[in-house]
Colleague: 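Mind looking over this structure? Questions follow.
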Amino acid sequence: MAKQLLLIDGNSIVFRAFFAMHNQIDKFTNKDGLHTAAIYGFKLMLDHVLDKFHPDAALVAFDAGKVTFRTKMYDDYKGGRNKTPDELTEQFPYVRELVEACGLHSYELKNYEADDIIGTLAKEGDEAGYETLIVTGDRDLTQLASDHTTVAVTHKGVTDTEHYTPAHVEEKLGITPRQIIDMKALMGDSSDNYPGVTKIGEKTAIKLVKQFGSVENLYDHIDDLKKSKMKEHLVEDEEIARQCKTLATILQDAPLEISLDDIAYRGEQTEKLVAFYQQMGFKSFLAKMDLAPEEGADDSAPVKYTELTADNLAAVDQLKGELSFYLEMPDANYHTSPFAGFVIGDGTTWLVSRDAELLKQAPLKKLLESPAVAKNVFNAKAQIVGLHRLGIDLRNVDFDLLLASYLLNTNDNSNDLGQVALEHDYHEVATDEEVYGKGAKRAIPDDDQTFYTHLAQKARAINDLRDPLFKKLDDNQQTPLYTEIEVPLTRVLAAMEITGIKVNSQTLKDMGSKLTERLADIEDQIYAAAGEEFNINSTKQLGHILFEKLKLPVIKKTKTGYSTAVDVLEKLADQAPIVEDILQYRQIAKLQSTYITGLLKVIHSSDQKIHTRYLQTLTQTGRLSSVDPNLQNIPVRLPEGRLIRKAFVPSHEGWQIFSSDYSQVELRVLAHITGDKNLQEDFKNGEDIHASTARRIFHLPADAEIDRNMRRRAKAVNFGIVYGISDYGLAQRIHVSRSQAHEFIQNYFKEFPGVKKYIDDTIAFAREHGYVETITHRRRYLPDIHAKSFSRRSFAERTAMNTPIQGSAADIIKIAMIRMKEEIKQRQLQARMLLQIHDELVFEAPAEEIPVLQKLVPQVMDSAVQLNVPLKVESKVGDTWYDLK
DNA sequence: CTAGTCACG
DNA sequence: ACGTACGTGACTAGC
């Protein structure tokens, strides 16, 4: 059998490993504070390769430094790249140490890149009859694929690779591996920063290479090409194309000081490797080494617990210090879920029971309500609401595992304790799905031992994760966010949910019957126009009627068929009267199903109220969301829908609904964060911000009348800026040409240069650190900021700039809610906070308290944080949510 | 269980 | 050449 040669592109794999694990970067640090994610990922890759490939010789090649013969030849080669993050740079020496401990050689050569070392050795291997495997994160190396050399390029993560053989290259690109060089010479390489020929992209480059075989031959026969813009560019850029070809060519004759004879694979050096793993804190790799277990590494010990009954409640008095507590509610909706059992303990003793009624008894109730005893829980809000139903007021929540975990990384949020624990490398607790099952089979086990073990493990996990998670919050400067905002907010939200909002079901029913009649009429008209009856709610059937039977033009398609969305139907409305009817039908059907029958289903019969649940640990930006039902999307824009709000009424006779909302809070946050002088000035002058934006970007004099259309366009531009604008997107929305939209955006950036700078800086920050943050250090990790796919990367860039704005606005209203609750209590008002709708707070209060709220609420809201522009709050009051004025 | 649609900020 | 504005939840159809 042929000898085998393994060549690894060290730099590119280390980069890949680092960015693949970037969203977990904080989980990978050793006890000295060294980041280890890239080292860990590198080892994963190595194990994966060595599992299938058994090399006789193996080498990991590294770049020697920034200066190479390519940079000498072309100044900008690899220019414009972002600085390598410090968290990565510090790992390189250790990767080399790891490589040695694994029995591979490593090598670098001044003035040359790792690619050239690999190219040269691969050629030597080819000539000496080796089968060679090259592992890299860089697709450029596929030019080295040959009959005896395969190039494995990492695909997703570090272990998922795509294998390039000459046949595979042919299949993907239609050219030979060596012709990849010619292709790149023509199209350039944006990541290595050389240009190629003007206006030639991958498609055209491949076409030309197929036609002419090589760059040289192309220029020998350039006269054969018909006159065209492309030909002009080719002639113009001949010099560049030839130079790019040299840049793109990986050397196969670099002056190496080593040869294949020097790089025999030695196999793992066990002792070195164990010492290395210990230094890095790689427990999982250590565990695989088949060594005698370490003393004291005993955290997999089965958990011991005691079943609590009415007869041994005294056991509770033996608990000491902070307590971890968990009340099991199997249904997601904790307002109505049954109680399956609970666990309470102090880290050594765990007391469990199936009987939640025991909690009402003195010793347990006293502990839970004691402000002197700190409690550790998972999802404090669910626990507060659940215990409230048992007449218990849970006090002094210190640690909430769910909340802390969400703040550390919004990406891996789950409502399952076992799942969350796993995210933090804690394995001693099962997930609910593992113990309770899923779907229809899901049930609390009858077997006591199974159930109690699971409960006790949950409490133990909460207990064990407290200190490490607090430490991580502190490292992220997120302790104030946790203790001063999110934990206090939990109580505020729990109170709002428990209070609920009164809904007049008769009002809804009356509206429902009217809607039913109207629907029947419209249906008849639609069937008449269509010439048959069909299900209007089915996009498939509707598409068939509109685009096949009635032959209306197809404007947009979806993955599965014709699009029938509003913007499409609006374009068709003047071509067939049926379209207008369908739009009407849709609007009414939506009201009927979601807002009439939907809301009627969730009114509690006991109090005629709706009790929503706010999800505090779901959104990627720090906003709340509302479920069961969603009270943050009750209709308001269209008059027919708005009527739904008539059903939302105060819970007492003589009370009123009062609401205050922030005016343009996101744009004010934008002015604050970007520090843009012009935007700040407009807000400080108290201007109508969309009008003043119009004045600036359309270059109008200060006293000019702003017509509605201009204001509308400026408003769309303002929204676009906040969302991460594209000319195409803006053009779609305001119905102008793409070039006009482009001009608006350019004007905006010229008028508000601070905003432009902020966008660039924020994206650069995200690239360097892998996350962005709000004014309170709320974080969002953006692993896709390094994605190869243009659209994924672009999306990450837009969210990078949007998240600090949307998220800071969310921070602000959260602070206001906490202050408001305190003020209501301190002033002994009867008023209650009922709803939060992102930039709006809704209250109910006795009519005589309304004047107090008129002053108090705006004052609390606009002083929640001190920005360098004023916050503005507007208030309304009325007898129902509909009648606010 | 996913896709399409539409309600909100 | 890419594919197109940020963040959500509920309902219905149809596999």
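The model shown is predicted, which means the values in this text are computed figures rather than measured ones. Throughout, protein chains are lettered first and strands after them, A, B, ... in sequence-line order, and every chain is numbered starting at 1.
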Colleague: Using the P atom in both, what is the distance from dA5(C) to dT5(B), to the nearest Å?
Modeller: 15 Å

Colleague: When only distance counts, do a donor and an acceptor, one from the side chain of Q806(A) and one from the base of dC6(C), lie under 3.5 Å apart?
Modeller: yes

Colleague: If you check every side-chain atom of V566(A), which of dC8(B), dG7(C), dC6(B) has the closest atom?
Modeller: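 Among the listed nucleotides, the one closest to the side chain of V566(A) is dC6(B).
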
Colleague: OP1 or OP2 of dT5(B) less than 4.0 angstrom from a side-chain nitrogen or oxygen of T558(A), does that happen here?
Modeller: no

Colleague: Identify, between Y595(A) and N802(A), the residue whose nearest nucleotide on DNA chain C lies closer to the 5' end.
Modeller: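 Nearest-nucleotide comparison on DNA chain C picks N802(A).
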
Colleague: Please check the phosphate of dG4(B) (OP1 and OP2 only) for any side-chain N or O of T560(A) closer than 4.0 Å.
Modeller: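 Yes, within the criterion.
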
Colleague: Which nucleotide in the set dG3(C), dC6(B), dA5(C) lies at the smallest distance from any side-chain heavy atom of A565(A)?
Modeller: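 The listed nucleotide nearest to A565(A)'s side chain is dC6(B).
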
Colleague: Looking at dC2(C) and F790(A): do their rings stack (centroid distance under 5.5 Å, interplanar angle under 30°)?
Modeller: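 Base of dC2(C): not stacked against F790(A).
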
Colleague: Which word best sums up how the rings of H690(A) and F719(A) line up, parallel for under 30°, tilted for 30 to 60°, or perpendicular for over 60°?
Modeller: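 H690(A) vs F719(A) ring planes: parallel.
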
Colleague: When you measure from the side chain of Y723(A), which nucleotide among dC8(B), dA5(C), dC6(B) comes out closest?
Modeller: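 Closest nucleotide among those given: dA5(C).
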
Colleague: Answer with base, sugar-phosphate or nothing: what part of the nucleic acid does R733(A) contact at a heavy-atom distance below 4.0 Å?
Modeller: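 Touches a base.
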
Colleague: Looking at E580(A), I'd like to know if its CD atom is crowded, meaning that more than 12 non-hydrogen atoms belonging to other residues, nucleotides or ligands lie closer than 6.0 Å.
Modeller: no

Colleague: If you check the V636(A) side chain, which of dG3(C), dG4(B), dG9(B) turns out closest?
Modeller: dG9(B)

Colleague: Just checking K199(A): does its NZ atom have more than 12 heavy atoms from other residues, nucleotides or ligands closer to it than 6.0 angstrom?
Modeller: no

Colleague: Has the side chain of S726(A) got a donor or acceptor that lies under 3.5 Å from a partner of the other kind on the base of dT4(C)?
Modeller: yes

Colleague: Fit a plane to each ring of F547(A) and Y562(A), take the angle between them on a 0 to 90° scale, and name the class: parallel (under 30°), tilted (30 to 60°) or perpendicular (over 60°).
Modeller: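 The rings of F547(A) and Y562(A) sit tilted, inter-plane angle from 30° to 60°.
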
Colleague: Given dC6(C), is OP1 or OP2 found less than 4.0 Å from the side-chain N or O atoms of R798(A)?
Modeller: yes

Colleague: Which nucleotide in the set dG9(C), dG9(B), dG7(C) lies at the smallest distance from any side-chain heavy atom of T799(A)?
Modeller: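 Nucleotide nearest to T799(A)'s side chain: dG7(C).
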
Colleague: Can you tell me which stems DNA chain C forms when a stem means 3 or more consecutive Watson-Crick or G-U pairs under 3.5 Å?
Modeller: B:1-9 with C:6-14

Colleague: Does the side chain of R637(A) get closer than 4.0 angstrom to OP1 or OP2 of dA7(B) through an N or O atom?
Modeller: no

Colleague: Select base, sugar-phosphate, or nothing to describe what R738(A) touches, counting heavy atoms under 4.0 Å on all strands.
Modeller: base

Colleague: Sugar-phosphate atoms are those with a prime plus P, OP1 and OP2; base atoms are the rest. Using that split, label each nucleotide of nucleotides 10-15 of chain C B, S or - for protein heavy atoms under 4.0 Å, 5' to 3'.
Modeller: BSSSSS

Colleague: Taking the six-membered ring for Trp, are F648(A) and W881(A) parallel (under 30°), tilted (30 to 60°) or perpendicular (over 60°)?
Modeller: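 Taking W881(A) first and then F648(A), their aromatic rings stand perpendicular (interplane angle over 60°).
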
Colleague: Of all residues at least two apart in sequence or in a different chain, which pass the side chain to side chain donor-acceptor pair (under 3.5 Å) check with Y436(A)?
Modeller: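 Y436(A) satisfies side chain to side chain donor-acceptor pair (under 3.5 Å) with E328(A) once adjacent residues are dropped.
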
Colleague: What integer number of Å spans the C1' atoms of dC6(B) and dC2(C)?
Modeller: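 Result for the C1' pair: 29 Å, nearest Å.
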
